[in-house]
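Position 1 is the first residue of the sequence; numbering continues from there.
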Amino acid sequence: MVDVFTEIIINCPREQVSEYAANPDKAPEWYVNINSAEWQTAKPLQVGSKIAFKANFLGRQLAYVYEVTEFSPGYKLVMSTANGPFPMETTYTWDSVGSSRTTRMTLRNKGKPTGFSTIFSPFMSLMMKRANQKDLNKVKLIMETRS
């Protein structure tokens, strides 16, 4: 079981950060490992929405479908998957910090990496944390450059 939590402070309003980061179409722009995102249900994003992602992680090509299980626009998004080699739940939160121009974004991934060799198990959390921090740094760069 892995449970990885990362966070970052972004100098951009919560509404803008959350709108960008919660948009599956934008995921390939800021996720280091995600190559594509394809809607399997109609837009807009809501509880029950399903999005198929293709990604690379630890040298493997992964294909999985996330389903939105909780969505409070501007504040929280929870998606989970039970299929593929890595059953996972991903949670994003966004909070205004101090002024309304600063956002604390968190990213939490928890799940069971069943489709990976046991050789990777001790390193899985560390590798995920590094990747997640890169992802959050990319969101920060994109959002602060745009504002």
Side-chain angles (χ1 to χ4, degrees), residues 1-10 12-96 103-147:
M1 181 77 169
V2 296
D3 190 349
V4 177
F5 178 85
T6 51
E7 64 183 331
I8 197 162
I9 300 296
I10 302 171
C12 190
R14 176 184 48 78
E15 295 81 9
Q16 290 177 19
V17 175
S18 61
E19 183 178 318
Y20 177 81
N23 183 345
D25 294 325
K26 302 295 185 186
E29 293 178 11
W30 65 273
Y31 263 101
V32 173
N33 296 316
I34 292 181
N35 301 319
S36 67
E38 182 179 321
W39 288 80
Q40 294 198 325
T41 54
K43 295 178 185 181
L45 192 70
Q46 58 191 321
V47 172
S49 291
K50 292 184 180 179
I51 301 96
F53 291 96
K54 289 187 180 171
N56 291 310
F57 187 65
L58 295 175
R60 292 202 47 196
Q61 177 77 14
L62 306 176
Y64 52 93
V65 177
Y66 263 126
E67 181 173 353
V68 175
T69 58
E70 184 179 342
F71 186 44
S72 177
Y75 297 95
K76 187 175 186 179
L77 170 62
V78 182
M79 301 181 294
S80 64
T81 181
N83 66 353
F86 204 150
M88 177 73 65
E89 179 181 84
T90 298
T91 302
Y92 306 100
T93 65
W94 304 276
D95 297 297
S96 295
T103 303
R104 176 180 175 258
M105 179 176 172
T106 69
L107 170 57
R108 182 179 185 191
N109 284 319
K110 60 181 180 173
K112 288 188 173 192
T114 57
F116 288 85
S117 166
T118 55
I119 292 171
F120 289 121
S121 294
F123 307 105
M124 189 67 67
S125 292
L126 178 62
M127 299 296 282
M128 287 180 65
K129 187 161 184 80
R130 284 183 182 167
N132 286 357
Q133 195 61 58
K134 285 182 184 179
D135 297 335
L136 290 180
N137 289 341
K138 185 82 180 266
V139 171
K140 178 179 176 72
L141 176 68
I142 290 167
M143 298 310 302
E144 290 181 356
T145 301
R146 289 182 180 180
S147 62

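In this structure, V139 and I8 have side chains that are not in contact, with every pair of non-hydrogen atoms separated by 4.5 Å or more. Contact of the L136 side chain with the M105 side chain is registered, since non-hydrogen atoms from C-beta on lie closer than 4.5 Å. Side-chain atoms of E70 and T91, non-hydrogen and from C-beta on, never get closer than 4.5 Å to each other.
For the atom pair N56 CG and N33 CG, the distance stands at 7.0 Å (nearest 0.5 Å). Once rounded to the nearest 0.5 Å, the distance linking CD of E15 with CH2 of W94 reads 12.0 Å. To the nearest 0.5 Å, the span separating CD1 on I51 from NZ on K43 amounts to 10.0 Å. Considering CE of M128 and CG of D135, their distance stands at 10.0 Å, rounded to 0.5 Å. Within the model, atoms OG1 of T6 and CG of L107 stand 4.0 Å from one another, a figure rounded to the nearest 0.5 Å. To the nearest 0.5 Å, atoms CD1 (I10) and CZ (R104) are separated by 11.5 Å.
In this structure, T41 and S49 approach most closely via the heavy-atom pair OG1-CA, 3.3 Å. The two residues S18 and G74 come nearest to each other via the heavy atoms OG-CA, 3.2 Å. Counting all heavy atoms, side chain and backbone alike, A22 lies closest to P24 at O-CD, 3.1 Å. Across K76 and T93, no two heavy atoms sit closer than the pair CG-CG2, 4.1 Å. R14 and S96 make their closest contact through NE-OG, 3.3 Å (heavy atoms, listed as atom of the first residue, atom of the second, distance). The shortest non-hydrogen separation linking K110 to M88 is O-SD, 3.2 Å.
Classified by interplanar angle (parallel below 30°, tilted 30° to 60°, perpendicular above 60°), the ring pair Y20/W30 is tilted. Note on ring orientation: taking the six-membered ring where Trp is involved, the planes of Y66 and Y64 are perpendicular (angle over 60°, cut-offs 30° and 60°).
Between the side chain of K140 and the main chain of I9, a donor-acceptor pair closer than 3.5 Å is present. In this structure a side-chain-to-backbone donor-acceptor pair under 3.5 Å is present from K129 to F5. Using modelled atom types, no side-chain atom of S125 and backbone atom of V2 make a donor-acceptor pair closer than 3.5 Å.
Counting heavy atoms of neighbouring residues, nucleotides and ligands inside a 6.0 Å radius, atom CD of E7 exceeds 12 of them.
A salt bridge does not link E19 to R146: none of the charged side-chain nitrogens sits closer than 4.0 Å to a carboxylate oxygen. A salt bridge links D3 with R108: the closest approach of a Lys/Arg side-chain nitrogen to an acidic carboxylate oxygen falls below 4.0 angstrom.
In summary, of the residues considered (D25, N23, L77), a side-chain contact (heavy atoms from CB on, under 4.5 Å) with L45 occurs for L77 alone.
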